[in-house]
A.B. asks: 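Structure in structure tokens, see below.
Note that these values count all heavy atoms, side chains included, but never hydrogens, waters or copies made by symmetry. So you know, we letter chains A, B, ... as the sequences are listed, proteins then strands, and number each from 1. Everything numeric here is computed off the predicted structure, so don't read it as measured data.
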Amino acid sequence: MPELPEVETIVRDLAPHLTGRTFHHPQLHKADVLRGITARRLLRALRGARIADVSRRAKHVVMRLASGSRLVIQPRMTGSLRVHDAPLDRAERRYAVLEADLGRGERFVYRDVRRLGTIHLLDEAAWSSYTARIGPEPLADDFDAATLAARLSDTRQAIKKALMDQRKLAGVGNIYANEALFRARLDPSRPAHRLTRRELGRLHTAVRTVLAEAVTARGTTVRDYRTGTGGPGAFQVALDVYGRGGEPCRRCGTRLTTTHAIDARATTFCWRCQGACA
DNA sequence: ACGAGGTCCTGCGAGC
DNA sequence: TGCTCGCAGGACCTCG
């Protein structure tokens with residue numbers, strides 16, 4: 001499920017193929033992913049539009065058009081974005097949501113099996129308010145421990161839920177929240193405002209290192225995620241806790257626990273490494 | 001301010 | 001074999 005490292009990988013793969021290119025004959029196969037725009041208006045805006053640049057914000061792919069508007073695609077669970085250099089076969093077209101001809105035999109395709117993903121088309125003002133609602137980028141140079149502490153320590157929510165709150169911090173989803181809390185040896189259910197400065201420091205380091213390592217590995221493929229070139233990521237073999245409930249902790253050998261007690265999401269942790277360290 | 005639960009959406013695996 | 005059911009879950013919503 002594309003979180004920050006996965007979307008970063010997609011953007012790095014797509015950027016060389018999309019930057020400076022033009023959308024020809026855009027086709028929208030499913031309209032229920034659209035937010036705040038009709039299919040008719042989206043297609044009119046994309047037809048013949050030149051892509052100025054492609055970037056990432058949190059878990060969103062942002063294509064800035066020469067018109068100044070931004071095509072913002074959030075893949076969520078099962079979305080994938082690719083540039084194909086051959087016509088799509090039947091299987092490749094099956095879940096296509098949006099596609100466009102880029103010329104030179106290349107095609108851009110956003111596909112999404114479950115279609116929990118979203119597409120926005122935002123002008124400058126709408127983009128400003130959109131991005132302002134999202135928290136700071138954890139891999140930015142100026143994202144320090146004090147910033148993390150300030151963002152997370154104003155709530156009594158479980159630290160794991162707070163970490164995944166996109167308004168507080170950008171790009172962390174279920175996989176990397178589990179992994180970061182394990183690395184920081186923190187109980188995922190601890191109220192965020194009760195964490196000490198020292199613990200927040202560990203969490204800051206853990207969040208940044210796990211995200212950076214996952215970017216290097218081109219993301220985590222558990223099931224659906226594919227890179228911008230259609231291949232799997234490699235970070236799944238490096239996961240310490242996510243998806244490993246019942247298996248031994250890599251640190252102490254204790255059987256890992258999975259609960260759904262926090263926000264009804266799968267949380268896997270080692271009660272020994274993470275449970276008792278207050 | 002917080003938790004609980006519903007909503008979107010489809011594929012997949014378990015159970016009968 | 002063929003059906004139903006619950007689950008996967010990010011972001012958003014309402015309700016109490």
Side-chain angles (χ1 to χ4, degrees), chain A residues 1-8 10 28-37 39 56-62 72-81 90-98 110-120 122 126 129-135 137-138 150-181 188-195 207 211 214 219-226 233 236 239 241-246 258-269:
Chain A
M1 43 228 76
E3 301 181 30
L4 186 154
E6 289 76 29
V7 178
E8 180 66 27
I10 290 169
L28 184 74
H29 300 289
K30 298 284 184 179
D32 54 5
V33 298
L34 299 183
R35 296 293 182 276
I37 190 171
R56 177 190 62 77
R57 170 73 171 115
K59 306 174 191 174
H60 312 247
V61 176
V62 183
V72 180
I73 300 180
Q74 184 174 27
R76 298 247 186 119
M77 283 295 292
T78 55
S80 69
L81 289 82
R90 181 186 292 239
E92 288 171 331
R93 174 150 294 147
R94 180 153 183 219
Y95 299 107
V97 169
L98 176 69
Y110 162 48
R111 66 166 58 76
D112 197 336
V113 172
R114 287 184 216 164
R115 296 201 308 285
L116 293 175
T118 58
I119 296 177
H120 288 80
L122 305 172
S129 60
Y130 189 90
T131 190
R133 284 194 293 269
I134 305 170
E137 290 288 335
R151 305 295 297 189
L152 298 182
S153 56
D154 66 343
T155 179
R156 305 152 98 102
Q157 287 176 344
I159 184 61
K160 177 166 178 263
K161 186 169 161 72
L163 259 186
M164 293 170 62
D165 186 335
Q166 298 302 296
R167 291 166 299 187
K168 297 184 184 305
L169 183 65
V172 176
N174 200 35
I175 293 176
Y176 299 109
N178 276 291
E179 294 300 311
L181 288 163
S189 68
R190 285 268 301 284
H193 75 295
R194 301 291 288 276
L195 267 61
V207 166
L211 291 176
T220 300
T221 298
V222 175
R223 192 185 190 128
D224 298 285
Y225 162 67
R226 290 294 178 273
Q236 57 277 9
L239 297 175
V241 285
Y242 181 85
R244 296 193 64 242
T258 297
T259 77
H260 287 79
I262 303 166
D263 210 28
R265 302 256 140 75
T267 299
T268 302
F269 65 100

A.B. asks: Under 3.5 Å, is there an N or O donor on one side and an acceptor on the other linking the side chain of R265(A) and the base of dG10(C)?
C.D. replies: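 Check passes, donor-acceptor contact within cut-off.
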A.B. asks: Would you say CZ of R35(A) has more than 12 non-hydrogen atoms from neighbouring residues, nucleotides or ligands within 6.0 angstrom?
C.D. replies: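 Yes, enclosed.
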A.B. asks: What integer distance in Å separates K168(A):NZ from dC2(B):C1'?
C.D. replies: 12 Å
A.B. asks: Between Q74(A) (side chain only) and K59(A) (backbone N and O only), is there a donor and an acceptor less than 3.5 Å apart?
C.D. replies: no
A.B. asks: Mind checking if A264(A) touches a base, just sugar-phosphate, or nothing, with heavy atoms under 4.0 Å?
C.D. replies: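 Since no nucleic acid heavy atom lies under 4.0 Å of A264(A), the category is nothing.
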A.B. asks: Expressed in angstrom and rounded to an integer, what is the separation of D263(A) atom CG from dG9(C) atom C1'?
C.D. replies: 10 Å
A.B. asks: By nearest atom, which of the nucleotides dA11(C), dG9(C), dG3(B) is closest to the Q157(A) side chain?
C.D. replies: dG3(B)
A.B. asks: Using whole Å, report how far CZ of R111(A) lies from P of dC9(B).
C.D. replies: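 My rounded result for the distance is 20 Å.
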A.B. asks: With heavy atoms under 4.0 Å as the rule, sort R115(A) into base, sugar-phosphate or nothing.
C.D. replies: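 Here R115(A) touches the backbone only, sparing every base.
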A.B. asks: Rounded off to whole Å, could you give me the CG-to-P distance for the D165(A) and dG3(B) pair?
C.D. replies: 11 Å
A.B. asks: Describe the nucleic acid contact of T118(A) in one word from base, sugar-phosphate, nothing, applying a heavy-atom distance below 4.0 Å.
C.D. replies: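 The residue T118(A) makes no contact with any strand.
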A.B. asks: Is it the case that the side chains of Y225(A) and E3(A) hold a donor-acceptor pair, with the cut-off being a distance below 3.5 Å and no angle test?
C.D. replies: no
A.B. asks: Atom CZ of R114(A) and atom C1' of dG10(C): how far apart are they, to the nearest Å?
C.D. replies: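 Going from R114(A) (CZ) to dG10(C) (C1'), I get 11 Å.
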A.B. asks: Rounded to whole angstrom units, what separation is found between the CG atom of D112(A) and the C1' atom of dG9(C)?
C.D. replies: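 Rounded to the whole Å, the gap is 12 Å.
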A.B. asks: Does Y95(A) put a side-chain nitrogen or oxygen below 4.0 Å from OP1 or OP2 of dG11(B)?
C.D. replies: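 For dG11(B), OP1/OP2 do have a side-chain N/O of Y95(A) under 4.0 Å.
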A.B. asks: Does dC2(B) have OP1 or OP2 sitting under 4.0 Å from an N or O in the side chain of T155(A)?
C.D. replies: yes
A.B. asks: Scan H260(A) against the nucleic acid and name what it touches under 4.0 Å (heavy atoms): base, sugar-phosphate only, or nothing.
C.D. replies: sugar-phosphate
A.B. asks: Starting from P on dC2(B), measure out to CG on L152(A) and report it in whole angstrom.
C.D. replies: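 After rounding, the gap between these two atoms is 12 Å.
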A.B. asks: Looking for any heavy atom pair under 4.0 Å, which part of the strands does R133(A) touch: base, sugar-phosphate only, or nothing?
C.D. replies: nothing
A.B. asks: When you measure from the side chain of R244(A) to the backbone of T268(A), do you find a donor-acceptor pair of N or O atoms at a distance under 3.5 Å?
C.D. replies: no
A.B. asks: Expressed as a whole number of angstroms, how long is the span from M77(A):CE to dC8(B):P?
C.D. replies: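 Computing the M77(A):CE to dC8(B):P distance gives 17 Å.
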A.B. asks: Scan E3(A) against the nucleic acid and name what it touches under 4.0 Å (heavy atoms): base, sugar-phosphate only, or nothing.
C.D. replies: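 No contact at all - E3(A) keeps every heavy atom at 4.0 Å or more from the nucleic acid.
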A.B. asks: Determine the contact category for Y242(A): base if any of its heavy atoms lies under 4.0 Å from a base atom, sugar-phosphate if only primed atoms, P, OP1 or OP2 are that close, otherwise nothing.
C.D. replies: sugar-phosphate
A.B. asks: Do S80(A) and R226(A) get their side chains close enough for a donor-acceptor pair, meaning under 3.5 Å?
C.D. replies: no
A.B. asks: Heavy atoms from C-beta onward define the side chain here; which of dG10(C), dC2(B), dT10(B) lies closest to that of V113(A)?
C.D. replies: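 The listed nucleotide nearest to V113(A)'s side chain is dT10(B).
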